Amino acid sequence: SWLLEPQSTNLITESEDFSDSYWTSQAVSVTDNATTSPEGLQNASKLIPNSGTGGNRSLGKSFTGLSGIHTFSTFAKAGEYGYVSLRLRNTPSAFVMFDLNDGSIHNINSPAQYVTGSAKIEDYGNGWYRCSASFDPSGSGSVGDLFISLSVGITGDESGQWNGDGVSGIYIWGAMFEQQSYITSYIPTNGAASTRLQDIANNSGNATLINSTEGVLYAEIAALANDGTFRGFTISANGNSSNRVTITINSTANSIRANVKSNNATSFDESYNSVDVLSDTKIAMKYAQDNFALFINGVKRFSDTSGNTPVGLDVLNFNAGSTALPFHGKVKALVVYKEALT
């Protein structure tokens, strides 16, 4: 599928060099180039607790003046230990525990600054997982520290006393901290913050292939997150919202909406609120004079036998018909049919 993402910046300036003085180590050491990373190079680090008894076995970085939701992520792989935690040390502390043996999430400590449901673990093969969680630092008593922490169990008690041997550890690579409510593609850094620009899809439309009299707008898509925003596709008259056929992922979680307007009068407007928008979803909006229907994953969910078709449709856009509500997500297919298919 095409992956269409918003602009994002990795605020961590040393995303792969964990032995750099940029990172603050607490009772751990770092061995560079210890194993093969997810990009296939011998450049992943091993995070090793110091020998003897100690707590808070972590790599950390302090940030100040933060506001809004941020997402913290890192790639991690089990070594002799099999657990990692992502922590935001504020007042109180927020953390999420990840099991690198089976790819599960446990023991989320979730005060107000943790974004409920944001924790995610993705399998990248060869034992590697990308672990992430979202936090709002402005909701805490102090704006503070990010930690990648080791643990010997799934309890998440990083401050507990346990013995390291100076050899055993886990593998890490590719840390990222971005002001987004969900994780986006990894942005590597080497000494400075780095920004990836928003993905743009151009030339998506040909007036000779679009029919105003009847047709179907079909999309096979997956959202990046239930993040409270609208994201859409539209066939319109030169980008004019008065005449359009629109499919959107709603601001409401797991909801798909379809809307048809003719000369600014609504011909069809329905929302289906029981679909996992984070998984591959097939959506078809059929339009014809007095003949409208919305299909989700092959099942007709709504129909209407009254209404006019839009006038002058000629453009297909990855938005709501103008520049508003751009689509960010995964797109496996986006098709316009000139006939009102059954």
Side-chain angles (χ1 to χ4, degrees), residues 1-9 68-71 73 115-118 120 122 132 134 178-185 187 195-205 210 216-261 266 268-287 294-297 301-302 310 313 315-336:
S1 60
W2 300 323
L3 178 61
L4 303 177
E5 294 183 305
Q7 177 174 308
S8 193
T9 299
I69 299 172
H70 288 67
T71 296
S73 62
V115 178
T116 303
S118 67
K120 188 176 182 180
E122 301 172 89
S132 64
S134 300
E178 55 186 321
Q179 191 172 7
Q180 299 285 351
S181 60
Y182 54 89
I183 190 173
T184 69
S185 295
I187 303 170
T195 298
R196 179 195 59 248
L197 298 179
Q198 173 179 281
D199 295 308
I200 302 294
N202 291 317
N203 302 319
S204 55
I210 298 173
V216 175
L217 175 59
Y218 173 82
E220 190 170 344
I221 57 176
L224 300 178
N226 279 307
D227 64 343
T229 64
F230 289 96
R231 293 136 287 172
F233 303 94
T234 302
I235 319 170
S236 66
N238 195 30
N240 188 327
S241 61
S242 297
N243 287 278
R244 68 182 186 184
V245 179
T246 301
I247 293 172
T248 57
I249 298 175
N250 272 345
S251 58
T252 303
N254 293 319
S255 177
I256 299 292
R257 179 184 179 186
N259 174 270
V260 180
K261 283 190 173 183
T266 299
F268 182 94
D269 191 359
E270 297 287 355
S271 296
Y272 182 66
N273 300 321
S274 183
V275 58
D276 181 7
V277 299
L278 303 182
S279 300
D280 187 40
T281 305
K282 302 175 177 66
I283 309 160
M285 179 62 225
K286 178 178 72 171
Y287 61 95
L294 174 64
F295 298 81
I296 307 290
N297 292 324
R301 301 299 182 180
F302 300 100
L313 299 181
V315 175
L316 173 64
N317 285 320
F318 284 77
N319 54 40
S322 58
T323 58
L325 313 182
F327 182 82
H328 296 136
K330 300 175 183 178
V331 184
K332 187 170 287 186
L334 182 60
V335 186
V336 177

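Computed from a predicted structure; not experimentally measured.
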| message | Please determine whether a side-chain nitrogen of the Lys or Arg among R301 and E270 lies less than 4.0 Å from a carboxylate oxygen of the Asp or Glu. | response |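 Salt bridge: no.
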
May I ask you to test the [X]-[Y] pair for a side-chain heavy-atom distance under 4.5 Å?
| X | Y | value |
| --- | --- | --- |
| L325 | N319 | no |
| Q198 | L4 | no |
| N259 | T248 | no |
| R196 | T184 | yes |
| I221 | F327 | yes |
| I249 | I256 | yes |
| S132 | K120 | yes |
| T71 | S118 | no |

Going from [atom1] on [X] to [atom2] on [Y], what distance comes out if it is rounded to the nearest 0.5 angstrom?
| X | Y | atom1 | atom2 | value |
| --- | --- | --- | --- | --- |
| N243 | S236 | CG | OG | 9.0 Å |
| L294 | Y272 | CG | OH | 10.0 Å |
| Y287 | R244 | OH | CZ | 14.5 Å |
| F268 | R257 | CZ | CZ | 11.0 Å |
| I69 | Q180 | CD1 | CD | 10.0 Å |

| Taking it one step at a time, do V277 and N250 satisfy side-chain contact (heavy atoms from CB on, under 4.5 Å)? | CA-CA 10 Å; V277 299; N250 272 345; over 6 Å; no

Between [X] and [Y], what is the shortest heavy-atom contact and its length?
| X | Y | result |
| --- | --- | --- |
| A219 | L334 | CB-CD1, 4.0 Å |
| V315 | I210 | N-CD1, 3.8 Å |
| S1 | K330 | OG-CB, 3.7 Å |
| Q179 | G68 | NE2-CA, 4.2 Å |
| L217 | F233 | CD2-O, 4.0 Å |

Are the side chain of [X] and the backbone of [Y] linked by a donor-acceptor contact shorter than 3.5 Å?
| X | Y | result |
| --- | --- | --- |
| N226 | N254 | yes |
| N273 | S255 | no |
| R231 | T229 | yes |

Contacts table for residues 278-285: side-chain donor-acceptor under 3.5 angstrom, sequence neighbours left out:
unit_1	atom_1	unit_2	atom_2	d
S279	OG	D276	OD2	2.8
T281	OG1	D276	O	3.4
T281	OG1	S279	O	2.9

| request: Let me see the working for L3 and L224 under side-chain contact (heavy atoms from CB on, under 4.5 Å), right down to the final yes or no. | output: CA-CA 9 Å; L3 178 61; L224 300 178; 3.7 Å; yes

| task | Determine, step by step, whether S242 and N240 satisfy the side chain to side chain donor-acceptor pair (under 3.5 Å) criterion, reporting the C-alpha distance in whole Å, the side-chain angles of both residues, the deciding distance to 0.1 Å, and the verdict. | result | CA-CA 5 Å; S242 297; N240 188 327; 3.1 Å; yes

| message | Test of understanding: with ring pair (Phe, Tyr, Trp, His ring centres under 6.0 Å), list the residues that count as partners of H70, not counting sequence neighbours. | response |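 H70 satisfies ring pair (Phe, Tyr, Trp, His ring centres under 6.0 Å) with F177 once adjacent residues are dropped.
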
| task | Would you please test T9 and I187 for side-chain contact (heavy atoms from CB on, under 4.5 Å) and show each step? | result | CA-CA 8 Å; T9 299; I187 303 170; 5.9 Å; no

| request: Start with the C-alpha distance between W2 and D199, add both sets of side-chain angles, then the distance that settles side-chain contact (heavy atoms from CB on, under 4.5 Å), and finish with yes or no. | output: CA-CA 10 Å; W2 300 323; D199 295 308; over 6 Å; no

